[in-house]
Amino acid sequence: MAFLNKKEVASILEDIGILLELKGENPFKTRAYFNAARTISGLTSDLTDLVESGGIGNIKGIGKALAEKITTLVTTGKLEYYENLKSEFPPTIFELFGIPGLGPKKIKKLFDTLGITSLTELEYACNENRLVDLEGFGAKTQDNILKGISIRKKFSEKFHFPLARNAAEDIHKHVNRSKGIKRSEIAGSLRRKKEIIGDIDILVSAAKKDAENIMKNFVTAPDIEQVVAEGKTKSSIILKTGINVDIRVVADKEFPFALHYFTGSKEHNVHMRRIANEQGYKLNEYGLFRESDNARVSCSEEKDIFVKLGLEYIPPELREDTGEIAAAEKGTLPNLIEETDLRGTFHCHTTYSDGANSLEEMLQAAQSRKWEYLGIADHSQSAQYARGLSKADITRQRKEIDALNKNYGSCRLLHGIESDILADGSLDYDENTLEIFDFVVVSVHSRFKMTEAEMTKRIIRAIKNKYTTILGHPTGRLLLSRDGYNIDLVQVIDAAADYGKAIEINSHPYRLDLDWKMVKYAKEKGVTICINPDAHNTDGLDDVRYGIGIARKGWLEAGDVLNTKSLTGVLQYLGIS
DNA sequence: GCCGTTTTCGGCCCGACTGTTTTCAGTCG
């Protein structure tokens, strides 16, 4: 019997890390907790099993002390060490982390000397001018903290991918108009195709004489809320949308190294630097240096850095320190799927339910994308909020699809449905009706608040249904606004593997569900993945590009994905002609 | 805290910018 799941254990380990930082503990010790939190949250094997078998201590980065603490947490739900640490600080102290310029040391100082325990108290103290005389603080610091609090109140700290990408492209264009730019690129989590973006990183190479002008141009870009830092090689601004943008200007020979460094992730970089050290090099954002004589190893492209370290080139999407470096050492990195590999897609809505475009308009849009097939999956009858299809609607839709397929040669419409998974795990039509469809996507749209055991059972029952083709948005999460329902994804993926069913990567930028961390697990279990746009209009079809990003982050190759198959291959897969 | 073909101690990635200091600690990525 487990008292805490992975997510909860990881969250406690992270809290411990923060509390240890506050206490001024050895930074390597705190890092051990943060690393362990990351490791635990990324585990695909069952945590309870690992604890019971003692295998938990064999995981890299989890030694004797952490293994004991994790075991205690899983088996009892409590940890005295954590409770004691927590009792030293009020819980609201966590609010203070994330204000720019405020780290553990300063927060501790504020707590010890002024008794500040929350954001409100901090703002009050700033307005009372109480920070200026504090050792290590001053008028400037106090002012910046106030600005930070005001920005925190106004904006969220994270952004959906498209919003961040559009902002990044705008500022990138603006910067590129500066004189003397040699190379430039958008780096950071955007380049790694993360589902949520915290800030934008722009990298530029130029001669030294041009750097100052480029910086000036950057900090005077339109729509800037605040210039946070302005230096010769590094500056930082906050846009009116609340997004933070960092820029680095380096010499052109440093560009590949800076690009690698600036793309991250931080964990990947740390690991790469360790690999470099082991081979007698030092790696930083300016170059790769031989430790014996400090000689620079020249690399003209980012790819060369990996080659020099005896690694395969690691595509940015994989740089999360989740095994990509070991695979690159062994030469076993996947040949990642590309957007051009897609030959069609499934799960699209039309005016029959809550879509904005007709069947014919969707078909034309698919044709213009050179797709061989388009799977229509409107909502099912119980989804009344979305005008779910009655049996009469289904008959009518079938007729129209058959007629369109006769008139349009190059792209075939496939007639599917997005059937609600009812509370008991059954589907939303009788067997005679389900029989009609070319494919069936099954999704949860109601009764989100079940226990994990109930929800898992419900979804697995739907997976087992013989009419089910694809499990749609498996957690139901809405990024930045709604957590997914409680579900044991490992069990769900195992069931999909056992029953030969596909799982969707819902490509809508607010969903991106299945999460890439689990995509990799699904691939390992041999589950077919389907990259679906969940399009509600013709433009929505382009969302598959976000799904591709997630598929790549999940190590997928073209062969792992259903909709890279030709029409013939798909018809064969679906068992229709 | 973790780790080890240099193994039970002594390392642990590395550098820029800010604001406070008067040579550097703290923060950030």
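Chain naming here is simple, since letters A, B, ... match the order of the sequence lines and numbering starts at 1 in each. Keep in mind the model is a prediction, meaning the values are calculated, not measured.
- For A:His160, the ring pair (Phe, Tyr, Trp, His ring centres under 6.0 Å) partners at least two apart in sequence or on another chain are A:Tyr510.
- Applying the ring pair (Phe, Tyr, Trp, His ring centres under 6.0 Å) test to pairs two or more places apart or on separate chains, those with a residue in residues 312-339 of chain A are A:Phe306-A:Tyr313.
- Summarising the geometry, the separation between CG on A:Asp133 and P on B:dG19 is reported as 18 Å, rounded to the nearest angstrom.
- Because its NZ or CZ atom is not both nearer than 6.0 Å to the ring centre of A:Phe161 and within 45° of the ring axis, A:Lys193 does not count as a cation-pi partner of that residue.
- Nucleotides B:dT23 and B:dC17 place their C1' atoms 16 Å apart, quoted to the nearest Å.
- For the P atom pair drawn from B:dA16 and B:dT21, the interatomic distance equals 24 Å after rounding to whole Å.
- Nucleotide B:dT18: paired with B:dA25 (Watson-Crick or G-U wobble, both distances less than 3.5 Å).
- The side-chain heavy atoms of A:Leu131 and A:Leu122, taken from C-beta on, include a pair separated by under 4.5 Å.
- Legend: salt bridge (charged side-chain N to carboxylate O under 4.0 Å, His left out) pairs involving residues 111-122 of chain A, not counting sequence neighbours, sorted by first then second residue: A:Lys108-A:Asp112.
- For the pair A:Leu22 and A:Phe97, the minimum side-chain heavy-atom distance is below 4.5 Å.
- One finds no salt bridge joining A:Glu302 and A:Arg183 here, because no Lys/Arg side-chain nitrogen approaches an Asp/Glu carboxylate oxygen to under 4.0 Å.
- Residues passing the ring pair (Phe, Tyr, Trp, His ring centres under 6.0 Å) test with A:Phe257: none are found, sequence neighbours excluded.
- Using a 4.0 Å heavy-atom criterion, one finds that A:Glu230 contacts the sugar-phosphate atoms exclusively.
- Using a cut-off of 4.0 Å between Lys/Arg side-chain N and Asp/Glu carboxylate O, A:Glu83 and A:Lys78 are scored as not salt-bridged.
- For the P atoms, the distance from B:dT5 to B:dG1 is 24 Å, rounded to whole Å.
- Taking atom P in both B:dG15 and B:dT6, the straight-line distance is 25 Å, to the nearest Å.
- Considering only heavy atoms from C-beta on, A:Asp513 stays 4.5 Å or farther from A:Ile550 through its side chain.
- Pairs engaging residues 229-246 of chain A under the salt bridge (charged side-chain N to carboxylate O under 4.0 Å, His left out) rule: A:Lys216-A:Glu230 [sequence neighbours left out].
- In this structure, the separation between CD on A:Glu254 and CG on A:Leu203 is 10.0 Å, given to the nearest 0.5 Å.
- Near DNA chain B, meaning a heavy atom under 4.0 Å from it, residues 135-149 of chain A has A:Gly136, A:Phe137, A:Gly138, A:Ala139, A:Lys140, A:Thr141, A:Asn144 in order of number.
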Show which side-chain atoms of residues 57-73 of chain A pair as donor or acceptor with protein atoms under 3.5 Å away, not counting sequence neighbours.
from	atom 1	to	atom 2	distance (Å)
A:Lys69	NZ	A:Tyr33	OH	3.4
A:Thr71	OG1	A:Ala67	O	2.7
A:Thr72	OG1	A:Glu68	O	2.8

message = Each nucleotide in nucleotides 1-12 of chain B should get exactly one letter: B, S or -. Can you fill that in based on protein heavy atoms under 4.0 Å?
response = BSS--------B

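- Remark: the separation of the P atoms in B:dT18 and B:dC12 is 28 Å, to the nearest Å.
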task = Scan nucleotides 23-29 of chain B nucleotide by nucleotide, 5' to 3', and note B when protein non-hydrogen atoms come under 4.0 Å of the base, S if they reach only the sugar-phosphate, - if neither.
result = ---SSSB

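- Close to B:dA16, at under 4.0 Å from its OP1 or OP2, lies a side-chain N or O of A:Tyr286.
- Taking A:Arg545 as the reference, nothing meets the salt bridge (Lys or Arg N to Asp or Glu O under 4.0 Å) condition, with sequence neighbours excluded.
- Of all the residues in residues 207-216 of chain A, not one reaches under 4.0 Å from DNA chain B with any non-hydrogen atom.
- Donor-acceptor pairing under 3.5 Å is lacking for the side chains of A:Asp515 and A:Tyr521.
- Side-chain contact of A:Asp252 with A:Ser205: a donor-acceptor pair under 3.5 Å is present, judged by distance alone.
- Within residues 303-329 of chain A, no residue approaches DNA chain B, by heavy-atom distance under 4.0 Å.
- For B:dC13, neither phosphate oxygen OP1 nor OP2 lies less than 4.0 angstrom from any side-chain nitrogen or oxygen of A:Asn269.
- At the phosphate of B:dC17, neither OP1 nor OP2 sits under 4.0 Å from any side-chain N or O atom of A:Ser235.
- When the C1' atom is used for both B:dT8 and B:dC2, the distance is 12 Å, rounded to whole Å.
- Summarising the geometry, the separation between CD on A:Glu254 and C1' on B:dG15 is reported as 12 Å, rounded to the nearest angstrom.
- Distance check: A:Leu333 CG to A:Leu311 CG gives 8.5 Å after rounding to the nearest 0.5 Å.
- The C1' atoms of B:dT20 and B:dC24 are separated by 9 Å, rounded to the nearest whole Å.
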